[in-house]
Structures are given as C-alpha cells and as structure tokens.
Amino acid sequence: ERVSPLIWAGDMNVCREDRDASHVNFFRHTIYRIRKNYHIPTDKNNKGQPGVIPSEQRRFREALRKGDLIDAYRMFHPELDRDKDFTWRGC
C-alpha cells in the first residue's frame with residue numbers, strides 16, 4: 001500500500017514555542033491590564049491571547065508529534081531574526 005506524505009501548510013496562528021512569538025509576556029499577561037473586558041482565566045495554562053496560550057501551544061505540539069510532522073520553517077531557520085520573523089496585527 002502506497003502512503004502519500006502529509007503537508008500541513010499555512011499560518012496556524014499558534015506559536016509552537018514561546019520563542020516563536022514576538023512579545024509573549026505582553027500577549028500572555030499585560031493584555032489583561034490594557035483590555036479590562038478580557039476574562040482572566042483561573043488556570044494559568046489557559047491565559048493569554050490566542051496563539052500564545054500555553055494549553056493551545058501544548059495541543060499544537062502534540063498534533064505535530066502525533067502526525068509525525070515538523071516545523072519546516074524552524075528546521076531551515078533555527079535562529080531567530082527579530083527583524084523578519086515577527087509581524088504585528090495589532091491588538
């Protein structure tokens with residue numbers, strides 16, 4: 001039986017690791033001081049803006065692991081380049 005490789009491509013809007021986010025502390029903590037109407041979860045693993053929520057990151061890493069997938073961008077660009085690796089969509 002022939003098995004075709006899986007390519008999962010696109011912007012997943014989640015950071016696999018904290019180093020893949022531009023301002024983790026801001027998006028996980030400071031945002032709650034700025035946006036007063038944001039609900040602050042009691043479980044710290046569910047705290048933050050989408051993309052840097054620890055439980056979300058854990059599930060994303062688990063999906064990659066279970067699918068035997070790799071982060072191709074980080075494979076070819078292991079070092080961070082803060083001038084090119086991040087964008088701001090606003091908050």
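By convention here, the first residue in the shown sequence is residue 1.
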Peer 1: Taking only residues two or more places apart in sequence or in another chain, which ones pass salt bridge (Lys or Arg N to Asp or Glu O under 4.0 Å) with R16?
Peer 2: D71

Peer 1: Just jot down the salt bridge (Lys or Arg N to Asp or Glu O under 4.0 Å) partners of K66, sequence neighbours excluded, or say none.
Peer 2: E62

Peer 1: With a cutoff of under 4.5 Å between side-chain heavy atoms, which Ile, Leu, Val, Met, Phe, Trp and Tyr residues group with F60?
Peer 2: L6, W8, M12, V14, L64, L69

Peer 1: Mind listing the closest non-hydrogen atom pair of P50 and E56 along with its distance?
Peer 2: C-OE1, 3.6 Å

Peer 1: Quick one: hydrophobic cluster around F76, which other residues, with the 4.5 Å side-chain cut-off, linked directly or via members?
Peer 2: I70, M75

Peer 1: Applying side-chain contact (heavy atoms from CB on, under 4.5 Å), name anything that partners I40, two or more places apart in sequence or on another chain.
Peer 2: Y32, K47

Peer 1: Are I31 and V52 linked, directly or through other ILVMFWY residues, by side chains that come within less than 4.5 angstrom of each other?
Peer 2: yes

Peer 1: Give me the atom names and distance for the closest heavy-atom approach of R19 to R74.
Peer 2: NH2-CD, 3.1 Å

Peer 1: Is the CG atom of D68 crowded by more than 12 outside heavy atoms at less than 6.0 Å?
Peer 2: no

Peer 1: For N37, what residues pass the side-chain contact (heavy atoms from CB on, under 4.5 Å) criterion, not counting sequence neighbours?
Peer 2: R35

Peer 1: Between atom CG of N45 and atom CZ of R59, what is the distance when rounded to the nearest 0.5 Å?
Peer 2: 10.0 Å

Peer 1: Mind listing the closest non-hydrogen atom pair of P41 and N46 along with its distance?
Peer 2: CG-O, 3.2 Å

Peer 1: By the salt bridge (charged side-chain N to carboxylate O under 4.0 Å, His left out) test, which pairs, at least two apart or in different chains, include something from residues 24-33?
Peer 2: D18-R28

Peer 1: Do the side chains of Y38 and I53 join up, straight or via other hydrophobic residues, at under 4.5 Å, putting them in one cluster?
Peer 2: no

